[in-house]
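Numbers here simply count residues along the sequence, with the first being 1.
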Amino acid sequence: MIRRMASMAANVAAEGPVQQLIRQKLTNHFQPTHLDIVCESNMHNVPKGAEKHFKVQIVSEKFEGVTIIQRHRMVNACLSEELAGPVHALRIDAHPPSKFTGQKPAPSPSCRGGGHL
């Protein structure tokens, strides 16, 4: 347990400021039982160190009885400022605890080009 917490702390410490803000907002708003945020900007045509593309997997009681489109809208509303500013793309896997069995999201597709500068 202590080793897992130390590993989680190290991962959070390695996050950039946009990723940290996303984590803070989602944690405060949804009190998730599981939250995984991955910056995938390195897979795209953006400057090195950019934080523009993210994948989020979140599990929260607030998603119980809510359709998938409503869950996505809830996450998008929570992160509206980031989506209007520094974040270009956000992949969302949002689950209620009753539907989450520890499944991993499918791998993200390769970048198809284009400039997202």
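Residue I92 holds its CD1 atom at 4.0 Å from CG of N76, rounded to the nearest 0.5 Å. Atoms CG and CG, from L26 and L35 in turn, are 5.5 Å apart once rounded to the nearest 0.5 Å. The distance from the CD atom of E82 to the CD1 atom of I22 is 6.5 Å, given to the nearest 0.5 Å. Atom-to-atom distance recorded for L90:CG and H88:NE2 is 11.5 Å, nearest 0.5 angstrom. Atom-to-atom distance recorded for K62:NZ and Q31:CD is 5.0 Å, nearest 0.5 angstrom.
Formation of a donor-acceptor pair under 3.5 Å by the Q19 side chain with backbone atoms of I37 is found in this model. Put simply, the side chain of Q57 never gets that close to the backbone of D93: no donor and acceptor are under 3.5 Å apart.
F30 is linked by a ring-ring contact (aromatic ring centres under 6.0 Å, His included) to F63, counting only residues two or more places apart in sequence or in another chain. With sequence neighbours left out, the salt bridge (Lys or Arg N to Asp or Glu O under 4.0 Å) criterion links E81 to K25.
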Working for side-chain contact (heavy atoms from CB on, under 4.5 Å), residues L79 and V87
CA-CA 9 Å; L79 300 176; V87 176; over 6 Å; no
Quick one: do H72 and V75 satisfy side-chain contact (heavy atoms from CB on, under 4.5 Å)? Show the steps, please.
CA-CA 5 Å; H72 283 226; V75 171; 5.9 Å; no
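Contact record, E61 with P97: OE2-CG, 3.6 Å, taken as the closest heavy-atom pair. Shown here for M74 and V66, the closest heavy-atom pair between the two residues is SD-CG1, 4.0 Å. Of all heavy-atom pairs spanning C78 and H29, the tightest one is SG-CB, 3.7 Å. K55 and P105 make their closest contact through CD-CG, 4.3 Å (heavy atoms, listed as atom of the first residue, atom of the second, distance). Contact record, Q103 with H95: NE2-CE1, 3.6 Å, taken as the closest heavy-atom pair.
With hydrophobic clusters built from ILVMFWY side chains whose heavy atoms lie under 4.5 angstrom apart, F100 does not share a cluster with I58.
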